[in-house]
*Asks:* 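Sharing a structure, written as structure tokens. Questions coming.
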Amino acid sequence: MIRVRFAPSPTGFLHIGNARTALFNYLFARKNKGIFILRIEDTDTERSKKEYEESIIEDLKWLGLSWDEGPDIGGLFGSYRQTERLHLYREYAEKLLSEGKAYKCWCTKDELEKRITDAKQKVAGYDNYCRNLTESQISRFKEEGRKPVIRFKVPEKDVVVNDIIRGSVIFEAGSLNDFVIMKSNNIPTFHFAVVIDDLTMKITHVIRGEDHLSNTPKHILIFESLGYTAPYFAHMSMTLGKDRTRLSKRHGATSVRQYRENGYLAEAMFNYLALLGWSSKDNQEIFSKDELIEQFSLQGCNKSNAIFDPVKLLWMHSQYMKMKSASEIFTLAIPFLKNVGFSDEKLQQNKEIIEKVIEMEKEKLKTLLDVPERTGYFITENVLWDPEIIKKFKSPNNKKIFSEIEQLLEIVEPFEKTKIEENIRKYCQDRNLKTSDVFHPLRFALTGQTKGAGLFELIELLGKQKSIKRIETFLKEIEK
RNA sequence: GCCCCCAUCGACUAGCGGCCUAGGUCACCACUCUUUCAAGGUGGUAGCGCCGGUUCGAUUCCGGCUGGGGGCGCCA
């Protein structure tokens with residue numbers, strides 16, 4: 001049985017790059033009918049926060065991921081929160097200590113710093129000083145009240161990482177120095193905790209970012225020292241920003257939370273992320289979740305880093321918007337409509353008309369955030385006209401046109417789009433007016449917008465009363 | 001400084017020695033449709049980083065260089 005995990009540390013919102021890692025793990029698990037595990041790596045007691053754990057879980061669920069074992073649902077191999085498994089790490093550390101595969105290091109920060117710069121070593125970092133301390137040295141350190149860390153005694157041997165995506169990667173002996181596995185506060189470091197957890201949770205495949213490739217020898221060595229074989233590894237390419245540096249604040253929205261708040265649909269994000277660093281052989285771009293699960297393979301993963309392109313995401317997103325029904329979009333857009341001030345009552349009252357407008361505008365809606373902008377003017381009581389644009393329509397001629405159109409609308413029967421169009425076009429012809437000289441100002445008067453749905457269906461939907469009222473108000477406005 | 005990974009249009013990618021005059025998607029440009037903004041349709045610009053090998057033949061295999069990314073923490 002294949003078992004994979006996604007192991008975020010709760011030190012911030014779910015990052016897009018991490019979301020992609022989670023997604024690949026998820027796809028791999030589902031494809032192979034395996035188990036997907038969520039594990040919280042909260043051993044950084046300084047930065048970890050419970051709220052972040054909650055938000056990460058929320059965002060993963062929103063994205064459409066589900067797991068079979070995790071901190072929120074439990075499982076046979078729990079706990080799934082590292083701070084709740086501390087006894088385990090201590091147990092294994094003791095074992096290594098007693099077998100002479102690890103040792104206590106009493107060095108202070110200052111001492112370490114000094115020794116490292118003095119030595120000008122090839123390998124940056126610790127010089128394994130505390131490997132061979134005498135009894136008297138140790139008792140002196142104890143008397144001084146020093147709190148030791150536990151370091152792993154790195155054996156002098158080559159380590160080969162057999163990576164599913166990258167092939168075999170060789171790290172030569174001597175490129176690693178003794179690293180800390182237990183901090184002085186008796187909490188494991190990341191390197192130790194991952195191994196113990198992957199071991200005890202029976203993880204079969206470790207799928208993670210390439211930033212961990214260089215750390216993998218450490219993990220393999222720990223597995224071996226404990227008498228186990230390491231799981232399979234697959235190091236996926238990194239997600240970069242436009243300038244080929246790590247995706248960061250500078251590049252705009254970087255957390256899935258932000259995209260969610262900006263009105264993105266989870267399915268589109270899911271689809272886009274899956275295509276970063278992975279592709280099917282047949283040029284397909286739009287995939288349902290099931291298709292993705294069906295077609296995913298680690299062999300299809302690209303080795304080179306991928307740049308996150310919000311523009312392509314947006315295009316893909318608009319494709320998903322088109323696939324949604326008007327009523328689905330309405331429901332999804334409710335929070336965004338409320339954000340601009342429409343009450344629940346108001347929205348429910350106008351549900352039908354909003355859905356009609358959505359139907360009309362659907363092709364143009366790129367995100368849910370566009371919904372209030374493109375439908376709000378239908379249900380608002382007071383249209384707001386941009387004073388700058390109003391200026392353009394202030395001519396006496398326009399006043400005449402508007403009042404005549406008003407009268408014309410008064411008598412159109414039935415009040416539906418073809419009839420309205422017929423009448424207004426005839427009016428233009430009779431007065432020898434260019435249609436565009438009438439259509440554009442009219443749209444602006446009715447909606448306060450210079451863009452939007454087809455003018456005549458817009459008028460029909462607005463209704464006779466509202467249309468006339470708006471023209472009247474607009475006339476007063478341009479008389480000012 | 002040492003170690004590791006990577007390298008096809010601006011971006012995501014297909015390509016796994018001859019099917020390549022390098023294909024698709026986004027973006028971009030042009031045309032088209034059109035009462036606006038879009039969307040759509042049609043067409044187009046644009047790429048194998050460089051230098052050496054191997055081979056009858058290299059985008060594809062090997063080496064070097066260059067460039068980009070990552071790691072070397074009592075962060076994860």
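Below, chains carry the letters A, B, ... as their sequence lines are ordered, and counting in each starts from 1.
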*Asks:* For B:U42, which nucleotide is its Watson-Crick or G-U wobble mate, given both distances must be under 3.5 Å?
*Replies:* B:A30
*Asks:* Using atom CE of A:Met236 as one end and atom P of B:G70 as the other, report the distance to the nearest whole Å.
*Replies:* 15 Å
*Asks:* Can the ring centres of A:Phe270 and A:Tyr264 be said to be less than 6.0 Å apart?
*Replies:* no
*Asks:* Salt bridge or not between A:Asp211 and A:Arg246? Use side-chain N to carboxylate O under 4.0 Å.
*Replies:* yes
*Asks:* Calculate the interatomic distance between A:Leu313 atom CG and B:C26 atom C1'; express it in whole Å.
*Replies:* 11 Å
*Asks:* Taking CD from A:Glu210 and C1' from B:G68, how many angstroms apart are they, rounded to a whole number?
*Replies:* 11 Å
*Asks:* If the C1' atom of B:G63 is compared with that of B:U54, how far apart are they to the nearest Å?
*Replies:* 11 Å
*Asks:* Indicate, with a heavy-atom threshold strictly under 4.0 Å, whether A:Cys301 touches base, sugar-phosphate, or nothing.
*Replies:* nothing
*Asks:* Report the nucleotide, chosen from B:U35, B:A76, B:C5, that has the shortest atom-to-atom distance to any side-chain atom of A:His212.
*Replies:* B:A76
*Asks:* Does atom NZ of A:Lys101 have more than 12 heavy-atom neighbours from other groups under 6.0 Å away?
*Replies:* yes
*Asks:* Looking for any heavy atom pair under 4.0 Å, which part of the strands does A:Ala7 touch: base, sugar-phosphate only, or nothing?
*Replies:* nothing
*Asks:* Nearest whole angstrom, please: distance from the C1' of B:U25 to the CH2 of A:Trp278.
*Replies:* 14 Å
*Asks:* Indicate, with a heavy-atom threshold strictly under 4.0 Å, whether A:Gly277 touches base, sugar-phosphate, or nothing.
*Replies:* sugar-phosphate
*Asks:* Would you mind telling me which of B:A76, B:U36, B:A11 lies closest to the side-chain atoms of A:Asp309?
*Replies:* B:A11
*Asks:* Can you tell me the distance, in whole Å, between the CD1 atom of A:Ile170 and the P atom of B:C3?
*Replies:* 14 Å
*Asks:* Regarding A:Lys322, tell me which of base, sugar-phosphate or nothing describes its non-hydrogen contacts under 4.0 Å with the strands shown.
*Replies:* sugar-phosphate
*Asks:* I'd like the C1' distance from B:U13 over to B:C51, given in whole Å.
*Replies:* 27 Å
*Asks:* Is the distance between the ring centroids of A:Phe28 and A:His205 less than 6.0 Å?
*Replies:* yes
*Asks:* If you only use heavy atoms from C-beta on, which nucleotide in B:G15, B:G69, B:G24 is closest to the side chain of A:Met238?
*Replies:* B:G69
*Asks:* Using a strict cut-off of less than 4.0 Å between a Lys/Arg side-chain nitrogen and an Asp/Glu carboxylate oxygen, indicate whether A:Glu51 and A:Lys49 qualify as a salt bridge.
*Replies:* no
*Asks:* Among B:G69, B:U35, B:U36, which is the nearest nucleotide to the side chain of A:Lys451?
*Replies:* B:U36
*Asks:* Could you state the CD-C1' distance from A:Glu363 to B:G41, rounded to the nearest angstrom?
*Replies:* 13 Å
*Asks:* When both hydrogen-bonding distances must be under 3.5 Å and the geometry is Watson-Crick or G-U wobble, what is B:G67 paired with, if anything?
*Replies:* B:C6
*Asks:* Answer yes or no: side-chain N or O of A:Arg166 and base N or O of B:C6 forming a donor-acceptor pair under 3.5 Å.
*Replies:* no
*Asks:* Name the nucleic acid region contacted by A:Asn185, choosing base, sugar-phosphate or nothing; use a 4.0 angstrom heavy-atom cut-off, strictly under.
*Replies:* nothing
*Asks:* Is there, by distance only and without an angle test, a donor paired with an acceptor across the side chain of A:Ser184 and the base of B:C74 below 3.5 Å?
*Replies:* yes
*Asks:* Tell me, please, whether A:Phe439 has A:Arg443 positioned over its six-membered ring: NZ or CZ under 6.0 Å from the ring centre and within 45 degrees of its axis?
*Replies:* no
*Asks:* Using atom P in both nucleotides, what's the gap between B:C20 and B:C12 to the nearest angstrom?
*Replies:* 25 Å
*Asks:* In the structure shown, which nucleotide is the Watson-Crick or G-U wobble counterpart of B:A11, with both distances under 3.5 Å?
*Replies:* B:U25
*Asks:* Checking all strands, does A:His235 fall into the base, sugar-phosphate, or nothing category for heavy-atom contacts under 4.0 angstrom?
*Replies:* nothing
*Asks:* Taking the P atom of each, how far is B:C28 from B:G64, in whole Å?
*Replies:* 42 Å
*Asks:* From the options B:A27, B:A14, B:G70, select the nucleotide whose nearest atom is closest to the side chain of A:Arg246.
*Replies:* B:G70
*Asks:* What integer number of Å spans the P atoms of B:G40 and B:U60?
*Replies:* 37 Å
*Asks:* How many whole angstroms separate atom CD of A:Gln82 from atom C1' of B:C75?
*Replies:* 13 Å
*Asks:* Of the candidate nucleotides B:C74, B:C4, B:G24, which contains the atom at the shortest distance from the side chain of A:Val169?
*Replies:* B:C4
*Asks:* Nearest-nucleotide wise, let me know which of A:Val149 and A:Thr450 is further upstream toward the 5' end of RNA chain B.
*Replies:* A:Thr450
*Asks:* Would you classify A:Thr43 as touching base, sugar-phosphate or nothing, given that sugar-phosphate means primed atoms plus P, OP1 and OP2, and contacts are heavy atoms under 4.0 Å?
*Replies:* sugar-phosphate
*Asks:* Is A:Val180 touching bases, backbone alone, or none of the nucleic acid, heavy atoms closer than 4.0 Å?
*Replies:* sugar-phosphate
*Asks:* Considering only B:C4, B:U36, B:G68, which nucleotide approaches the side chain of A:Arg443 most closely?
*Replies:* B:U36
*Asks:* Report the distance from atom CZ of A:Phe171 to atom P of B:C2, rounded to the nearest whole Å.
*Replies:* 17 Å
*Asks:* Of all the nucleotides listed (B:C12, B:A14, B:A76), which has the minimum atom distance to the side chain of A:Ser279?
*Replies:* B:A14
*Asks:* Distance between the P atoms of B:A22 and B:C48, in whole angstroms?
*Replies:* 11 Å
*Asks:* Can you tell me the Watson-Crick or wobble partner of B:C61, both distances under 3.5 angstrom?
*Replies:* B:G53
*Asks:* Would you indicate what A:Lys362 reaches in the nucleic acid, counting non-hydrogen atoms under 4.0 angstrom: base, sugar-phosphate, or nothing?
*Replies:* nothing
*Asks:* Quick one: on RNA chain B, does A:His440 or A:His191 contact a more 5' nucleotide (nearest heavy atom)?
*Replies:* A:His440
*Asks:* Determine the Euclidean distance between corresponding C1' atoms of B:C50 and B:U66; express it in Å to zero decimal places.
*Replies:* 7 Å
*Asks:* So with a 6.0 Å cut-off around OH of A:Tyr129, is the heavy-atom count from everything else above 12?
*Replies:* no
*Asks:* If you look at every strand shown and take non-hydrogen atoms under 4.0 Å, does A:Lys218 touch a base, only sugar-phosphate, or nothing?
*Replies:* sugar-phosphate
*Asks:* Please determine if A:Glu285 and A:Lys312 form a salt bridge, counting it only when a charged side-chain N lies under 4.0 Å from a carboxylate O.
*Replies:* yes
*Asks:* Which is true for A:Leu276 with a 4.0 Å heavy-atom rule: it touches a base, it touches only sugar-phosphate, or it touches nothing?
*Replies:* sugar-phosphate
*Asks:* Distance check, C1' atoms only: B:C72 and B:G10, in whole angstrom units.
*Replies:* 34 Å
*Asks:* What nucleic acid atoms does A:Asn215 come within less than 4.0 Å of, heavy atoms only: base, sugar-phosphate, or nothing?
*Replies:* base
*Asks:* Tell me which nucleotide among B:A76, B:A38, B:U35 gets nearest to the side chain of A:Lys364.
*Replies:* B:A38
*Asks:* Using a strict 4.0 Å threshold on nitrogen-to-oxygen distance, state whether A:Glu359 and A:Lys356 make a salt bridge.
*Replies:* no
*Asks:* Select one nucleotide: of B:U35, B:A27, B:C74, the one nearest the side-chain heavy atoms of A:Lys183.
*Replies:* B:C74
